[in-house]
2 protein chains.
Amino acid sequence: MRMPRKSTREVIVETADKLFYKGGFAATSFADIAAQVGISRGNFYHHFKTKDDILDAVIDRRLGDRRAMLDDWTCSSSDPRERIYAFVGIVIVNRSDIMESGCPVGTLASELAKLDHGARERAAAILDLFRRWLGEQFRLAGAERADELALHLLGWSQGVAVLASALRDEAYIRREVARIIAWVDAQLARPIGEEL
Amino acid sequence: MRMPRKSTREVIVETADKLFYKGGFAATSFADIAAQVGISRGNFYHHFKTKDDILDAVIDRRLGDRRAMLDDWTCSSSDPRERIYAFVGIVIVNRSDIMESGCPVGTLASELAKLDHGARERAAAILDLFRRWLGEQFRLAGAERADELALHLLGWSQGVAVLASALRDEAYIRREVARIIAWVDAQLARPIGEEL
DNA sequence: GTCTATAAATAGATAGAC
DNA sequence: GTCTATCTATTTATAGAC
């Protein structure tokens with residue numbers, strides 16, 4: 001397995017990804033990114049012509065990252081319920097970051113929607129990635145209306161991230177995750193029933 | 001009932017409120033607000049010294065607005081269940097704006113959390129207003145753990161707003177609202193039971 | 001590929017005339 | 001209270017040397 005040294009371009013994208021998450025897209029400047037990377041602003045423009053170019057690269061990176069994560073979960077367990085648990089678990093694993101900056105995917109999509117930015121749809125595609133994967137898991141588990149359950153769960157976790165960052169309330173996160181797990185179990189226990 | 005002409009200050013706050021909602025706090029400049037109000041930038045500074053000052057005024061305005069709205073709902077019905085329905089109903093009533101720009105309260109709190117802005121707590125206080133009011137309604141309706149139900153409902157509606165703006169999916173909003181109504185009914189039907 | 005220097009536009013903010 | 005003019009810092013972006 002080759003382990004090439006990261007190219008400057010890769011470092012820029014990696015850094016921009018983090019800064020866009022921690023501070024938002026609009027509030028993060030080229031100077032911020034260049035300073036964090038440790039290169040001059042001039043060099044920066046050798047790699048990316050515009051701010052939108054680097055946003056595109058960041059979205060691509062996140063798409064790849066999340067795809068890899070989902071593939072990982074798919075391989076790690078053959079039980080779709082366990083896989084859904086893995087999804088829910090990231091809220092706990094990343095709770096510190098979430099309480100500071102919300103969900104990386106949700107907050108970017110929200111911000112781009114507000115800016116009426118052309119990249120909104122590409123950011124939404126990351127959410128769609130989760131939606132389709134979750135839908136597949138619910139389907140494999142034999143649930144009815146799997147895609148609606150998937151979207152419900154995705155929205156639920158987004159709501160948890162919003163309130164968690166707004167209120168900085170870890171107990172709330174843990175309560176909601178327990179609630180989600182119980183809900184998932186209820187869905188998979190009675191695939192035809194009237195569920196909420 | 002007196003109906004004084006709006007002061008310039010009031011118009012500025014009103015306009016800033018709308019622009020902060022539609023475009024975000026960081027991405028909205030003094031020039032944007034001044035242009036929309038139809039005054040010079042110089043005059044602007046006569047009313048507000050800094051951008052944070054106007055943010056404070058916008059948050060105050062929203063706090064007052066939402067307080068009045070909650071009071072209104074409290075007066076309009078003596079049935080706490082109906083009052084909760086009124087809360088859920090705003091997601092439908094405001095669906096167009098929500099699909100464009102998300103929830104005004106949630107997106108501002110999210111953005112300020114990300115910016116690590118001092119006003120984050122004041123923005124979160126608006127969410128807390130809803131939380132306490134909803135908690136009171138669940139309590140009046142005889143539900144157990146009323147405050148947790150309130151926070152759950154608040155987070156749920158925030159999640160709906162995030163996905164609605166990211167995916168621009170109106171059918172999703174309507175499905176979730178129906179789901180919320182059914183959930184509320186389930187909570188109030190069995191105040192002691194194990195609920196999800 | 002990386003740097004310095006610099007341009008052009010925009011941001012937040014102030015001074016002072018009317 | 002409102003305006004014009006101005007200031008300073010920052011932001012995006014380019015030119016050209018090394």
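Chain letters run A, B, ... following the sequence lines, proteins first, then strands; residues in each count from 1. Computed from a predicted model, the values in this text were never measured in an experiment. Atom set for the values below is all heavy atoms of this structure, side chains included, hydrogens, waters and symmetry mates excluded.
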A.B. asks: Is it the case that atom CD in A:Glu136 sees more than 12 heavy atoms from other parts of the structure closer than 6.0 Å?
C.D. replies: yes
A.B. asks: With the threshold set at under 4.0 Å for non-hydrogen atoms, list the residues of residues 12-27 of chain A touching DNA chain D in residue-number order.
C.D. replies: none
A.B. asks: Roughly how many Å is it from CG in A:Asp53 to P in D:dT11, rounded to a whole number?
C.D. replies: 19 Å
A.B. asks: Please check this pair: side chain of B:Tyr21 against backbone of B:Asp97, looking for a donor-acceptor N/O pair closer than 3.5 Å.
C.D. replies: yes
A.B. asks: For a quick check of understanding: with a heavy-atom distance under 4.0 Å over all strands, which category does B:Ser40 fall into, base, sugar-phosphate or nothing?
C.D. replies: base
A.B. asks: I'd like a list of close polar pairs between nucleotides 13-18 of chain C and the protein, N/O only, cut-off under 3.5 Å.
C.D. replies:
residue, atom, partner, partner atom, Å
C:dA13, OP2, B:Lys51, N, 3.3
C:dA13, N7, B:Tyr45, OH, 3.1

A.B. asks: Grab the CZ-C1' distance between A:Phe48 and D:dA13 for me, whole Å please.
C.D. replies: 16 Å
A.B. asks: Hey, what's the ring geometry for A:Phe25 with A:His117, parallel, tilted or perpendicular (30° and 60° as the breaks)?
C.D. replies: perpendicular
A.B. asks: Taking side-chain contact (heavy atoms from CB on, under 4.5 Å) as the test, write out the residues that go with B:Val11, two or more places apart.
C.D. replies: B:Lys6, B:Thr15, B:Val37
A.B. asks: Once the angle between the rings of A:Phe138 and A:Trp183 is folded into 0 to 90°, is it parallel (under 30°), tilted (30 to 60°) or perpendicular (over 60°)?
C.D. replies: perpendicular
A.B. asks: With respect to the side chain of A:His47, which nucleotide from C:dA11, D:dT11, C:dT2 is positioned closest?
C.D. replies: C:dT2
A.B. asks: I want to check one thing: is the phosphate of D:dG1, taken as OP1 and OP2, less than 4.0 Å away from some side-chain N or O of B:His46?
C.D. replies: yes
A.B. asks: Between B:Ile98 and B:Ala161, which heavy-atom pair has the shortest distance, and what is it?
C.D. replies: CG2-CA, 3.8 Å
A.B. asks: Are the side chain of A:Ser165 and the backbone N or O of A:Val162 linked by a donor-acceptor pair below 3.5 Å?
C.D. replies: yes
A.B. asks: Take atom NZ in A:Lys22; do more than 12 heavy atoms of anything else shown fall under 6.0 Å from it?
C.D. replies: yes
